[in-house]
**Q** 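Before I ask anything, let me first share the structure, which is written out below as structure tokens.
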Amino acid sequence: MVPIAIDNVTLEYDTPAGKVTGVKDVSFDIGASEFICIVGPSGCGKSTLLNVIAGFLPPAAGEIRIDGKAVKGHGMDRGVVFQDFAQLFPWRTALGNVSFGLEMKGIPKAERDKIAREQLRLVKLEKFVDSFPHHLSGGMQQRVAIARALAYNPSVLLMDEPFAALDAMTRDDMQLLLADVWRATRKTVIYVTHNVAEAVYLADRVIVMSAHPGTVQADIRIDLPRPRDPLSLEFVDCQKQLMRHLGHKVSGNGAGH
Amino acid sequence: MSDTIITSAPKTGASKNNVSMSDQSKGRRSLWRAGVVLIIAACCYEAVARSGYFAPALMPKLSLVAQTFVAMLLDGTMIEHSVFTLYRVMFGFLLAVLVGLPLGILMARFAAVEGFFLPLVSALMPIPSFALVPLFMLWFGIGNLTTILIVFYAATFPMMFNTWSGVRSVNPLWLRAAGAMGADENALFWKVIIPGASPFIITGLRQAFLRAWIAVVGAEMIAASDWGLGWVIFDAKEFLNTDVMLAALVVIGGIGFVFEKMVFGSLEKATIQRWGMSRVAKG
Amino acid sequence: MQDAATTISAREAPGHSPGRAASRLRSIWRNVFPFIVVGVLWEIVAISGIFPARLFPTIETVARTFFALTANGILPHHAIETLIRLLSGFALAGVFGVTIGILMGRSRLAEDIFLPLVSICAPIPGLAYTPLFLLWFGLGSFSSILLVGFVSAFPVIFNSWTGVKAVKEIWVRSAHSMGADDRRMFTHVILPGALPYILTGLRLGLAQAWRVLVAVEMLAAVPWGLGWLIFGARKFLNTDAMLAGIVVIALIGLLLEKLVFQKIENYTVVRWGMVAA
């Protein structure tokens with residue numbers, strides 16, 4: 001897929017008290033087909049950074065280049081999955097939601113139905129093609145959202161804590177599923193999370209950010225073989241290393257945080 | 001009765017899965033009890049009416065009311081009156097939708113339109129539509145025009161107001177998601193904003209019709225045009241035809257009920273209920 | 001997402017900062033401007049003489065009538081009579097509506113008795129009962145108060161009923177386990193729990209009472225009252241007096257809206273953090 005360059009990006013919020021720097025001089029590159037996780041405490045601007053990459057917000061300074069071209073506004077080269085289940089259109093079925101992007105591209109109905117069904121099969125929802133979102137569980141809704149973001153074949157997938165609102169067991173299943181989907185599609189993925197274990201499980205590389213203002217604290221490559229075993233010693237070591245960068249006091253060898 | 005019906009029927013508590021079962025048995029039980037209560041109420045009324053305590057002209061026996069009702073249906077007068085009333089209400093209501101819906105959308109989309117109309121609307125809305133009947137009678141006479149304009153006035157505000165808040169409250173996440181999927185302005189409007197605002201728009205339609213229905217009956221009574229259900233009940237008062245009055249009340253209630261439950265109820269069922277977008281409407 | 005939202009809303013804020021007074025002036029101007037446009041249009045039509053001056057008086061004629069009728073006490077008298085009817089009718093609706101609604105919410109029997117009756121009476125537009133009430137209770141103030149009370153009771157009943165039903169079972173159970181008896185359960189749990197709904201019902205009821213009252217006054221031949229004023233003015237083609245009456249009606253409506261309805265809404269929504277029906 002395509003490489004992304006994040007070049008000296010600075011973000012400012014206007015608050016009643018004046019301008020506040022949310023993210024300061026953030027730079028990193030993302031290789032083609034790489035799975036990047038951005039981890040950091042709340043308030044470090046990781047979600048905002050994702051919104052800038054998606055083109056929903058303009059940066060105050062700096063530039064984001066996708067495949068060498070500077071980002072201006074949103075575009076169909078990026079698919080976005082949000083945390084909120086409400087992102088699906090409640091007036092459309094799962095199929096209708098997934099085929100929305102194809103419809104916008106002007107693809108004829110028969111073909112977009114075929115592609116959308118294919119995408120829903122990829123996230124294992126082939127039985128719920130005609131269900132409306134409110135009849136689906138939270139995990140299923142997020143799977144539809146992933147299928148929807150993939151359906152029109154963007155080269156980059158941007159995910160903003162997509163599983164944060166799910167219960168722990170569903171989240172594990174979803175991580176497994178996402179890893180499979182990524183292996184099958186080889187998209188470039190930028191995934192924002194505050195969950196260290198999730199980052200270690202999914203990412204090729206983890207960008208650790210710190211808050212006030214948001215800066216890159218560390219850039220760590222995770223070289224564990226896939227599929228990864230969250231209970232292995234190496235996995236836990238990786239987690240500990242990440243936690244240390246996040247400023248946690250790590251003792252013993254407990255997993256999680 | 002614009003606001004009462006919307007906030008009726010508490011659907012709280014019931015968990016999603018067993019709704020159909022318990023609702024059905026509960027529905028049957030309350031239907032059965034409702035029947036009993038209504039029969040008892042009717043008997044009480046009949047007993048008082050037959051006791052002769054009140055003049056029969058003021059409190060006719062139910063059999064007489066039923067007789068009058070059937071007679072007026074058969075000789076076509078009731079139907080004719082209903083047609084007149086329905087014509088006026090539909091005309092005014094459609095006019096209100098044609099004006100209120102686009103205006104509400106424009107107000108939500110363009111700050112300049114909102115800035116101009118919002119102060120006017122806030123000043124006009126607290127004026128009950130009936131207060132304008134005498135003025136309109138002076139200006140437009142006592143024909144269809146006055147009634148239709150009153151209906152239009154009454155129905156436009158709820159239509160416009162609900163559309164306005166509906167478009168404004170479309171989840172920004174939907175707009176972002178659609179934008180990311182390449183929706184242009186046109187697609188955004190027709191495929192996201194309109195369906196996203198539909199719960200409010202349908203509430204608007206419903207409230208607008210209820211207001212229109214109240215307005216048409218009132219305007220027909222005050223403006224005393226020659227035909228129409230409102231005129232019938234008011235005219236019946238002059239001649240102490242309480243049976244005619246009650247028969248017309250039944251028709252008025254019936255038509256209102258049919259629109260409320262069948263037309264707007266099924267519209268809601270086909271759209272926002274199917275999409276799980278029902279919200280508890282604010283009055 | 002949340003960060004983004006604050007940015008967007010925060011971005012609009014600086015517009016207000018440079019000079020509070022100037023921005024306030026501008027907002028006043030923005031609110032007044034539409035009325036000036038409409039006023040000018042009105043004057044053009046009135047002066048052009050398309051309609052007879054009696055039917056379409058200029059704004060200054062209406063203003064003069066308004067002040068004359070206010071100075072000689074006629075307009076205030078009408079307004080006070082109307083307000084008294086509004087409040088008496090609404091008080092009836094409040095007392096009976098809340099009582100019946102709560103009874104319906106608490107007792108199966110009351111629900112079975114009242115629900116069918118209420119469901120049958122409610123869909124009929126309130127004004128349609130007017131002739132019946134006038135026949136049964138005679139022309140005049142008493143009938144109109146009764147009718148206003150009757151009509152505006154329905155939203156109060158429905159919302160109180162809904163409110164009591166919406167009281168969470170967990171609250172009742174936890175109060176029980178803390179030893180609340182029936183009376184205290186009612187005053188400390190049921191009533192506060194249902195209050196946002198009841199207040200909403202009262203707000204809707206008052207709005208309904210206001211809409212109906214004006215029309216009822218026209219039909220019930222009451223000696224004083226704004227509805228009667230504008231209806232009577234028609235006979236003598238006193239369009240200016242009629243418009244003056246409508247202005248007072250609009251002002252009262254506006255005051256109800258600003259002073260009562262919005263206060264209640266803010267109270268329930270903001271203070272309780274729950275959006276009532």
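Chain letters run A, B, ... following the sequence lines, proteins first, then strands; residues in each count from 1.
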**Q** Just wondering, more than 12 heavy atoms not from B:F189 lying within 6.0 Å of its CZ?
**A**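 Result for CZ/B:F189: enclosed.
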**Q** For A:Q119, enumerate each residue passing the side-chain hydrogen bond (donor to acceptor under 3.5 Å, both in side chains) test, keeping only those at least two apart in sequence or located in another chain.
**A**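 Counting only residues at least two positions away or on another chain, A:Q119 forms no side-chain hydrogen bond (donor to acceptor under 3.5 Å, both in side chains).
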**Q** Sort A:A54 into side chain, backbone, both or neither according to what part of it lies under 4.5 angstrom from a heavy atom of chain B.
**A**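 No part of it gets close to chain B.
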**Q** Can you pull out the residues in residues 97-113 of chain A with any heavy atom less than 4.5 Å from chain B?
**A**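 Residues of residues 97-113 of chain A touching chain B at under 4.5 Å: A:F100, A:G101, A:E103, A:M104.
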**Q** Between chain A and each of B:V192, B:D184, B:N171, count heavy-atom pairs under 4.5 Å; write down the option with the most.
**A**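 The residue among B:V192, B:D184, B:N171 with the greatest pair count is B:V192.
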**Q** Side chain, backbone, both or neither: which part of A:L88 has a heavy atom under 4.5 Å from chain B?
**A**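 When you check distances to chain B, only backbone atoms of A:L88 fall under 4.5 Å.
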**Q** Counting only N and O atoms by type, is there a donor-acceptor contact under 3.5 Å from the side chain of A:S33 to the main-chain atoms of A:R186?
**A**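 It does hold such a pair.
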**Q** On a heavy-atom basis, which atom in B:L229 and which in B:T85 lie closest, and how many Å separate them?
**A**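 In this case the closest contact between B:L229 and B:T85 is N-OG1, 2.8 Å.
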**Q** Looking at B:W164, I'd like to know if the NZ or CZ of B:R168 sits under 6.0 Å from its six-membered ring centre while staying within 45 degrees of the ring's axis.
**A**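 That pair qualifies as a cation-pi contact.
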**Q** Based on non-hydrogen pairs under 4.5 Å, which of B:G196, B:A177, B:P195, B:G182 is most in contact with chain A?
**A**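 Top count of heavy-atom pairs under 4.5 Å with chain A: B:P195.
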**Q** Are A:L202 and A:L178 packed together at the side-chain level, in the sense that at least one heavy-atom pair is separated by less than 4.5 angstrom?
**A**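 Yes, at least one pair of side-chain atoms sits under 4.5 Å.
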**Q** Does B:R211 make a cation-pi contact with B:W213, if we ask for NZ or CZ under 6.0 Å from the ring centre and within 45° of the axis?
**A**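 Because its charged atom misses either the 6.0 Å distance or the 45° angle limit, B:R211 does not stack over B:W213.
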**Q** Counting heavy-atom pairs under 4.5 Å to chain A, which of B:S198, B:P172, B:A183, B:A187 comes out on top?
**A**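 Most pairs with chain A among the choices: B:A183.
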**Q** With the threshold set at 4.0 Å, does a side-chain nitrogen-carboxylate oxygen contact exist between A:E126 and A:R117?
**A**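 So A:E126 does not pair with A:R117 through a salt bridge.
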